[in-house]
Amino acid sequence: MKFKTVKISEIDRQDHRFRFNLKPVDERILTGVKEAGVVQPLLVILREGRLILVDGWRRLEAALSCHMEELPVFELESRMGDLGAFQLAFFINYTQHRFSLAEKALAARRFLEFNLPAEEIIERILPLLELPPLKKTLEILLEISSLDGKSIEMIHRKDWKQATAELWLRFLPEERNWMLRLIERLTHNQQHELVETFYSVKKLTGVGPEIIVREKGLDRITGSLRKGESAAFDRLLAELRKITSPLRSRLSEEISEKIKELKLPLKVQVDYDPTLEKPGLKISFEARSAGQLEEIIKSLSENFSLNNWDSIFQLLNYRGD
Amino acid sequence: MDRLQIKKVWVDRKVESRPLTRQILERLGGCHVEVVDSLEGVLRAIRLASDPVGESKKNLYLTEQLSFIRPCPCSPGCVSCGYWNIDLDLNCPFDCSYCVLQSYLNYQPLTVAINRDGLERELEEFFQKKGRIPIRIGTGELADSLGLDSITSNAIFLTELFRGKEGVWLELKSKSARIQPLLEVKPPANVILSWSLNPQAVIDSEEKGTASLKERLEAAAAAFKHGYQVGFHFDPIIHYPGWKEEYSQVIVSIFKIIPAEAIAWISLGSLRFPHRLKLLARFRFPESMIYEHEFIRSPEGKYRYPRPLRLYLYEEISQIFSDYGAADKLYLCMESAEVWQAFMQKIKRGRRFIAFPFPWLS
């Protein structure tokens with residue numbers, strides 16, 4: 001390994017064969033490079049007369065942003081194979097930060113492309129990536145690594161779990177494309193919930209997400225969601241759950257309606273278990289004096305004799321499909 | 001008909017020379033055999049398959065078990081029926097889409113405990129210590145009681161161990177119809193042969209490799225004719241369009257061949273599963289629709305049908321059993337106190353206490 005200074009133009013920036021780190025250049029790196037230059041040399045290797053970057057993409061991008069022309073590099077022996085070079089890149093990054101699922105997927109693909117036997121990836125590399133050492137896991141990672149750039153970027157940026165990605169892989173490319181635009185502003189948990197619900201809806205109806213939204217007249221809600229209106233997420237989920245959880249959706253809607261019809265005093269709150277596991281009602285109120293307490297109990301008592309509370313309990317104790 | 005598909009037998013060096021090992025290897029004929037020092041090598045082979053759960057069902061591991069008897073753990077927050085388990089085999093050759101063993105056993109191969117003498121000793125102690133409370137105990141929790149019986153003959157071994165033991169009921173629970181050896185011995189009064197039942201449509205779509213409904217019922221009829229008491233497990237009950245008619249037909253079929261008096265117990269349990277199983281089985285069984293049904297996440301973390309639906313399923317099914325005078329044989333498996341309570345109001349009978357709803361056993 002030789003240390004030297006090279007012109008940035010000497011580095012082939014189009015060759016990404018060793019790249020799997022998806023972290024973007026952040027302010028801290030930019031500031032560091034601006035103030036102190038690139039202190040830690042990049043790792044390069046000579047291939048067919050060109051210098052290929054093995055590690056240091058973010059430093060290179062930061063240097064370019066700072067209009068630097070030269071960089072310090074360690075040049076690996078060119079007789080070192082691609083697998084050896086990539087292993088160096090992998091372990092340098094491994095010690096520095098936690099990989100996202102997308103980065104793990106890209107790393108697994110690189111290892112395989114550089115002819116590390118699948119068994120070795122499964123038994124040696126997957127445990128390092130905190131993944132179960134199963135052939136199935138490797139197969140899923142390879143599928144993820146073959147996704148389009150936007151999906152990979154989303155999986156990385158929102159730090160998706162394997163369970164979300166596995167569901168994502170079950171959609172057609174055009175369905176993923178449509179959903180990407182819908183979910184990009186949501187948190188990972190929200191994304192998972194929506195992806196899983198769309199998966200169930202698709203299995204139940206045989207119809208993809210975009211079509212189901214159109215058929216159910218939910219375009220306005222999805223439009224709001226794309227604009228980043230957070231309440232639209234709950235509204236869309238509630239509408240989709242009418243398909244995936246019809247019994248609970250119907251009962252909850254009816255119970256809420258009946259509770260509204262009671263026109264209870266403002267200080268009285270009525271709650272019930274939304275899973276319907278517990279068939280009871282919880283009634284709470286706040287009183288700040290004995291007089292207030294008497295008033296609330298009286299109004300509740302009047303309300304009880306005027307309204308049909310029994311219908312709520314009938315719904316809570318409903319049996320049927 | 002169910003048929004074993006063993007790809008390879010792994011023999012733990014510790015049991016290599018045991019007679020039962022020899023007997024099993026002989027029965028398996030030309031199967032590839034490897035002697036190993038630990039389970040790790042077996043697991044390695046399983047993990048390198050694309051479908052490790054499926055692979056675990058094709059690899060047989062003959063080994064020793066440290067202990068065999070334990071109380072059924074039930075499910076946290078659910079009312080226990082006081083069952084006990086004997087873990088003589090682990091894993092099951094059948095491949096049911098809803099089976100919790102897929103995620104519970106961590107790719108454990110089909111495992112047979114060769115040191116049955118250890119179980120014998122443990123059981124002797126268990127019989128002495130059990131006191132006067134009637135005990136129900138079985139091998140069908142982490143395995144199918146008859147799934148590997150064609151090579152182990154464990155059913156006869158256990159039947160003889162329990163013969164004449166008072167206050168203890170051994171249950172051999174299965175989705176297999178292979179009971180011939182049990183028909184060649186005098187049936188002990190305390191050995192119950194039981195079958196998990198579902199409509200044939202559910203068996204076709206969700207219970208791969210198992211005996212058909214007809215075969216299971218014919219086996220139950222043969223067991224009854226031979227003098228055994230039988231049991232039935234409607235667990236998991238699956239909700240789908242037409243469920244009521246199809247479950248009703250199954251129940252009608254039972255009573256065409258078996259009188260209520262010959263039935264020791266009937267359990268009802270609806271489809272439920274932990275989150276881990278959903279992640280795994282949804283993709284192992286892409287054609288199955290059961291994971292897309294309507295569920296709630298119950299307090300113990302399992303997915304279950306909503307309570308209104310569960311109660312509806314139980315009550316409709318119990319009504320049909322009532323029509324045949326068998327409602328008092330019913331109990332619920334892994335259900336909440338709320339559901340037990342609501343269900344019991346419908347089928348009133350003198351129960352001593354909820355955790356052991358089998359007054360007819362004592």
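Within every chain, numbering begins at 1; the chains are lettered A, B, ... in the order of the sequence lines, protein sequences first and strands thereafter.
- Between A:Glu119 and B:Arg44 there is a side-chain heavy-atom pair separated by less than 4.5 Å.
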Let's go through A:Tyr199 and B:Arg282 carefully: what are the C-alpha distance in whole Å and the side-chain angles of both, what is the deciding distance for side chain to side chain contact (heavy atoms under 4.5 Å, CB included) to 0.1 Å, and is it a yes or a no?
CA-CA 11 Å; A:Tyr199 175 85; B:Arg282 220 178 198 173; 3.4 Å; yes
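- To the nearest 0.5 angstrom, B:Tyr305 atom OH is 10.5 Å from A:Asp321 atom CG.
- When heavy atoms are compared at a cutoff of 4.5 Å, A:Ile122 approaches chain B solely by way of its side chain, counted from C-beta outward.
- Nearest heavy atoms, A:Arg248 versus B:Ile296: NE-CG2, 3.3 Å.
- Atom NZ of B:Lys244 is surrounded by 12 or fewer heavy atoms from other residues, nucleotides or ligands within 6.0 Å.
- When heavy atoms are compared at a cutoff of 4.5 Å, A:Pro274 does not approach chain B at all.
- Rounding to the nearest 0.5 Å places CG of B:Leu279 at 8.0 Å from CG of A:Leu167.
- For A:Glu123, the part lying under 4.5 angstrom from a heavy atom of chain B is the side chain only.
- The neighbour count for A:Glu130 CD, taken as heavy atoms of other residues, nucleotides or ligands under 6.0 Å away, does not exceed 12.
- For B:Glu292 (side chain) and A:Val201 (main-chain N/O), no donor-acceptor pair under 3.5 Å exists by modelled atom type.
- For A:Glu139, the part lying under 4.5 angstrom from a heavy atom of chain B is the side chain only.
- Remark: B:Leu309 CG to A:Leu251 CG distance equals 10.5 Å, nearest 0.5 Å.
- Residues A:Glu277 and B:Pro306 come closest through the heavy atom pair OE2-C, 4.2 Å.
- Within a 6.0 Å radius of NZ in A:Lys258, other residues, nucleotides and ligands contribute 12 heavy atoms or fewer.
- No more than 12 heavy atoms of other residues, nucleotides or ligands lie within 6.0 Å of OH in B:Tyr104, so this atom counts as exposed by the packing criterion.
- For a residue to count as touching a neighbouring chain, one of its non-hydrogen atoms must lie under 4.5 Å from one of that chain's; by this rule A:Leu138 does not touch chain B.
- Comparing B:Ile46, B:Val339, B:Leu48, B:Leu313 by heavy-atom pairs within less than 4.5 Å of chain A, the highest count is held by B:Leu48.
- Within the 4.5 angstrom heavy-atom criterion, no atom of A:Pro132 approaches chain B.
- Of the two parts of B:Tyr107, only the side chain, counted from C-beta on, holds a non-hydrogen atom closer than 4.5 Å to a non-hydrogen atom of chain A.
- Between B:Lys278 and A:Glu196 there is a salt bridge, since at least one side-chain N of the basic residue sits less than 4.0 Å from a carboxylate O of the acidic one.
- The distance from atom CD of B:Glu55 to atom CG of A:Leu134, rounded to the nearest 0.5 Å, is 12.0 Å.
- The environment of OH in B:Tyr240 is crowded: more than 12 heavy-atom neighbours from other residues, nucleotides or ligands sit within 6.0 Å.
- Around CD of B:Glu287, the count of heavy atoms belonging to other residues, nucleotides or ligands within 6.0 Å does not exceed 12.
- Taking 4.0 Å as the cut-off between side-chain N and carboxylate O, B:Glu294 and A:Arg241 do not count as a salt-bridged pair.
- Judged by distance alone, with hydrogens and angles left aside, the side-chain atoms of A:Arg319 form no donor-acceptor pair with the main-chain N or O of B:Tyr312 at under 3.5 Å.
- Between A:Asn317 and B:Arg307, the closest side-chain pair of non-hydrogen atoms falls below 4.5 Å.
- Across all their heavy atoms, B:Pro286 and A:Lys203 have their closest contact at O-NZ, 2.8 Å.
- When only modelled atom types and interatomic distance are considered, B:Arg304 and A:Thr275 share no side-chain donor-acceptor pair under 3.5 Å.
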Trace of the side chain to side chain contact (heavy atoms under 4.5 Å, CB included) decision for B:Phe295 with A:Thr244
CA-CA 9 Å; B:Phe295 299 108; A:Thr244 59; over 6 Å; no
